[in-house]
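Got a structure for you, written out below as structure tokens; questions coming shortly.
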Amino acid sequence: MSNAHRPRRSVLYVPASSEKALAKAPTLPCDAVVVDLEDAVAPTAKAEARARLAGVFAARRAGGPDLVIRVNALSSPWGADDLKAAADCAPDAILLPKVDGPKDVLAADDMLDSLDADPAIKLWSMIETPKGLLNLGPIAELGRDPAARLACLVAGTNDLVKETGVRMTPDRRWLLGWLQQIVVAARAGGLDALDGVSNDFRDLEAFARECDQGRAMGFDGKTLIHPAQVEPANRAFSPSPDEITEARAVVAAFALPDNAGKGVIQIDGRMVERLHLDQAERLLAKAGNLAS
Ligand SMILES: CC(C)(COP(=O)(O)OP(=O)(O)OC[C@H]1O[C@@H](n2cnc3c(N)ncnc32)[C@H](O)[C@@H]1OP(=O)(O)O)[C@@H](O)C(=O)NCCC(=O)NCCSC(=O)C[C@H](O)C(=O)O
Ligand SMILES: [Mg+2]
């Protein structure tokens, strides 16, 4: 599945131009914060927002959420300065917007290497352009290259709507095919996959439905825009008590001496194979990680 050792249930964007939100974000129970230099920051405020990064990272405390920086595209007037400033902060990851193909990821990778950036800094890639969708396979393949830093694919549903002209509906029906492709590509590359944002941040019932939909599609978590979305996302993307009970039953059944040499057994009239045992063990490991 994913290569994450850290949970990615709730990943909150924070505009780097908002001091108040920047101060609040690390205190929230989200798994990661994305400090955004891109679309949440007006062109006239880019330099000031970039200058604020160092202070954000200096105030970082152990045990808080992972910190990610979303830079502007390298092809933009701000991208190169953003990437340099981001590398200096040694974030957990740098999120690249508007990735059209593997060359965009490799260009950022090369630049980080030339800056002698910490090798632990990962790259995350937004998938939010038509070319990015068409090149999902080659982008995700970079996840299998030990020298590449790519660790995560992030759906950018606002830009996908803008670039393709599909209609955004409450059930996201016109986006689902692309979202599913992002999950499949991420799995092929051993990457994490994050669902897109829900703009209507006051409607938490609709948000919970969208989280359930994303979880059912296989996403590891959801990108968020408002603190009120953190708890529902954490709930939706954590193993539920029923899932844990069921997983424990599968592990216990295969541990019985009678089943030691068996590839397939039945539990309560349901076929259970060793692949289900793998699945159950993974779910219990995830639940254990979240509890510790
Ligand atoms: C959408 C917002 C502008 C709304 O902000 P606001 O009007 O301040 O909302 P509230 O009054 O309800 O806020 C309550 C308190 O919470 C703080 N707050 C709000 N948002 C955040 C946040 N994201 N992180 C941390 N803290 C936050 C407020 O400061 C209030 O604090 P206090 O008064 O002390 O209680 C705002 O939520 C916002 O800017 N959200 C993020 C927008 C963003 O980053 N957008 C870019 C990414 S989305 C995207 O485009 C993804 C992708 O690229 C795509 O294409 O889809
Ligand atoms: Mg976008």
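Start at 1 with the first residue, then count along the sequence. In each ligand, atom 1 is the first atom listed, and ligand 1 is the first ligand listed. Predicted model only: the values in this text are computed from it and were never measured.
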Report task. Answer with yes or no whether the hydrophobic clustering places Val183 together with Trp124; edges join I, L, V, M, F, W, Y residues whose side-chain heavy atoms lie under 4.5 Å apart. Result -> no
Query raised in the report: Going by atom types alone, do Asp100 and Asn135 pair a side-chain donor with an acceptor below 3.5 Å?
Result: no
Report task. Let me know which of Lys122, Arg60, Arg6 forms a salt bridge (Lys or Arg N to Asp or Glu O under 4.0 Å) with Asp92. Result -> Arg60
Requested in this report: Output, by chain and residue number, all protein N/O/S atoms separated from the Mg ion (ligand 2) by less than 2.8 Å.
Outcome: Glu128 OE1, Asp159 OD2
Query - Donor-acceptor contact below 3.5 Å, side chain Arg187 vs main chain Leu191 - result: yes
Requested in this report: Return yes if a side-chain donor-acceptor contact under 3.5 Å exists between Asp171 and Thr169, otherwise no.
Outcome: yes
Report summary line: Note: with side-chain heavy atoms under 4.5 Å as the link, the other cluster members for Leu256 come out as none
Requested in this report: Examine distances only and state if a side-chain atom of Lys262 and a backbone atom of Phe254 form a donor-acceptor pair shorter than 3.5 Å.
Outcome: no
Requested in this report: Could you name the protein residues that come within less than 4.0 Å of ligand 1, counting only heavy atoms, and order them by chain and residue number?
Outcome: Leu12, Tyr13, Val14, Pro15, Lys20, Ala21, Lys24, Asp36, Ala40, Arg70, Met126, Glu128, Gly156, Thr157, Asn158, Asp159, Phe201, Arg202, Ile225, His226, Pro227
Under 3.5 Å, which donor-acceptor pairs link side chains of residues 10-23 to any protein atom two or more places apart or in another chain?
from: Ser10; atom 1: OG; to: Asp31; atom 2: N; distance (Å): 3.0
from: Ser10; atom 1: OG; to: Asn234; atom 2: OD1; distance (Å): 2.6
from: Ser18; atom 1: OG; to: Ala21; atom 2: N; distance (Å): 3.2

Query raised in the report: Is Leu176 reachable from Trp174 through a run of I, L, V, M, F, W or Y residues, each pair having side-chain heavy atoms under 4.5 Å apart?
Result: yes
